[in-house]
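Read through the structure below, which is laid out as structure tokens, and then see the notes.
Letters go in sequence order (proteins before strands), and every chain restarts at 1. Just so we're clear, the structure is a prediction, and the values are computed from it rather than from any experiment. Worth knowing before you read on, the calculation uses all heavy atoms, side chains too, and leaves out hydrogens, waters and symmetry mates.
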Amino acid sequence: MKQFFTAGILAWNELQNDRSMPWKQEKDPYRIWLSEIILQQTRVEQGRPYYERFISAYPTITELADAPDEEVFRLWQGLGYYARCKNMLAAARTVARDFNGRFPGTYEGISALKGVGAYTAAAIASFAYNLPHAVLDGNVYRVLARFFGIDTPTDTTAGKKLFTQLAQDVLPVQQAGTYNQAIMDFGAVVCKPQTPRCKSCRLSSQCVAFQKGLTDLVPVKSKKLRIKKDISIICC
DNA sequence: AACGCGGGGCT
DNA sequence: AGCCCAGCGTT
């Protein structure tokens, strides 16, 4: 089951994945880090032009670290989640000053940077250094929940622990970077949140959610509907 | 464990 | 109108 899954993701990536992104094949940890910070909770197509502008303005992390706050904030303007920008600058200055411009080369070192959580650390570690850390983002939660038929809510401590373990279990450690990239592309292109392309999916024969008709019921989130601030809408 | 942070695309 | 997006830091 797990072997079929991993092999299927790698095969899809090899034969059918035509998704292109400027930071694919990138080995410069600075560029990888920058792209991951920009893409946190942000669609690839929305983040792409920002990434290009930042790389153009700051080709190295030292140049970013030396830039004035206001100048960097202006480049970030419109992207949202502005704390990311502040943390990004702090991390750049940590690398530039404390590490003499050398980006950390271990998972622990990467994790210690401001604005870098479990997902981003695994992404950088695997993409830049092929270290065996599985990424766990919205795409991975969805793909794993559907294929393995898991209804444990993803936004709980138990869910995070379960999915983290499963993601690590199906990771081909020799191809960590390629596979991490592949499973996220697969989630974005085939196993989409709405109207997934199950008809053309090479994994559907073994996909628990597809076989049971539960594709639109997983992944599960525990959060209830929140009261919207605009109550007036209800009155009319 | 729950919450705040944001613009934007898709249905 | 609601959901989701290459999540993270704070409380």
Specify the closest pair of heavy atoms between A:Ser111 and A:Ala121, including all atoms of both residues, with the distance to one decimal.
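Heavy atoms of A:Ser111 and A:Ala121 come nearest at OG-CB, 3.2 Å.
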Give the minimum heavy-atom separation between A:Thr152 and A:Gly159, together with the two atoms involved.
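Reported closest heavy-atom pair: CG2-CA, 3.7 Å.
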Determine the Euclidean distance between corresponding C1' atoms of C:dA6 and B:dC3; express it in Å to zero decimal places.
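So the two C1' atoms sit 22 Å from each other.
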C:dT11 versus B:dG6 - spacing of their P atoms, nearest Å
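Those two atoms are separated by 15 Å.
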Can you tell me which residue among A:Tyr141, A:Phe148, A:Tyr119, A:Phe147 is in a ring pair (Phe, Tyr, Trp, His ring centres under 6.0 Å) with A:Phe163?
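Per the ring pair (Phe, Tyr, Trp, His ring centres under 6.0 Å) rule, the option paired with A:Phe163 is A:Tyr141, out of A:Tyr141, A:Phe148, A:Tyr119, A:Phe147.
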What's [X] touching, base or sugar-phosphate or nothing? Going by heavy atoms closer than 4.0 Å.
X: A:Trp23; value: base
X: A:Arg19; value: base
X: A:Met21; value: base
X: A:Asp216; value: nothing
X: A:Gly78; value: sugar-phosphate
X: A:Leu79; value: base
X: A:Glu45; value: nothing

Does any N or O in the side chain of A:Gln168 come within less than 3.5 Å of the main-chain N or O of A:Pro132, such that one atom is a donor and the other an acceptor?
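Side chain of A:Gln168 to backbone of A:Pro132, a donor-acceptor pair under 3.5 Å: yes, one is there.
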Position toward the 5' end of DNA chain B (nearest nucleotide), A:Asp155 or A:Ala83:
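Taking each residue's closest nucleotide, the earlier one in sequence belongs to A:Asp155.
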Nearest-nucleotide comparison on DNA chain B, the residue closer to the 5′ end among A:Tyr82 and A:Thr195
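Residue closer to the 5' terminus by nearest nucleotide: A:Tyr82.
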Please state whether the base of B:dG8 and the side chain of A:Gln46 form at least one donor-acceptor pair under 3.5 Å?
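Answer is no: no donor-acceptor pair is held.
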Measure the shortest side-chain to side-chain distance between A:Ile61 and A:Trp33 over non-hydrogen atoms and say whether it is less than 4.5 angstrom.
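Touching, per the 4.5 Å side-chain cut-off.
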Given the rule that I, L, V, M, F, W and Y join up when any side-chain heavy atoms are under 4.5 Å apart, are A:Val116 and A:Leu131 in one cluster?
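Yes, A:Val116 and A:Leu131 fall within the same hydrophobic cluster.
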Compute the ring centroids of A:Trp23 and A:Tyr51, then answer whether they are less than 6.0 Å apart.
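Close enough - the centres of the two rings lie under 6.0 Å apart.
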Whole-Å gap separating [atom2] ([N]) and [atom1] ([X]):
X: A:Arg197; N: B:dT11; atom1: CZ; atom2: P; answer: 11 Å
X: A:Lys192; N: B:dC10; atom1: NZ; atom2: P; answer: 10 Å
X: A:Gln194; N: C:dC5; atom1: CD; atom2: P; answer: 9 Å
X: A:Ile38; N: B:dG7; atom1: CD1; atom2: C1'; answer: 14 Å
X: A:Ile37; N: C:dC5; atom1: CD1; atom2: C1'; answer: 16 Å
X: A:Gln77; N: B:dG7; atom1: CD; atom2: P; answer: 9 Å

May I have the list of side-chain donor-acceptor pairs in residues 208-217 of chain A shorter than 3.5 Å, sequence neighbours left out?
unit_1, atom_1, unit_2, atom_2, d
A:Gln211, NE2, A:Ser204, O, 2.8
A:Gln211, NE2, A:Ser205, O, 3.4

Hey, what are the protein-to-nucleotides 7-11 of chain C N/O distances that come in under 3.5 Å?
unit_1, atom_1, unit_2, atom_2, d
C:dG7, OP1, A:Gly138, N, 3.4
C:dG7, OP2, A:Gln41, N, 3.0
C:dG7, OP2, A:Gln41, NE2, 3.3
C:dG7, O5', A:Gln41, N, 3.3
C:dC8, OP1, A:Gly117, N, 2.8
C:dC8, OP1, A:Gly117, O, 3.4
C:dC8, OP1, A:Thr120, N, 3.0
C:dC8, OP1, A:Thr120, OG1, 2.7
C:dC8, OP2, A:Tyr119, N, 3.4
C:dG9, OP1, A:Gly115, N, 2.6
C:dG9, OP1, A:Val116, N, 3.4

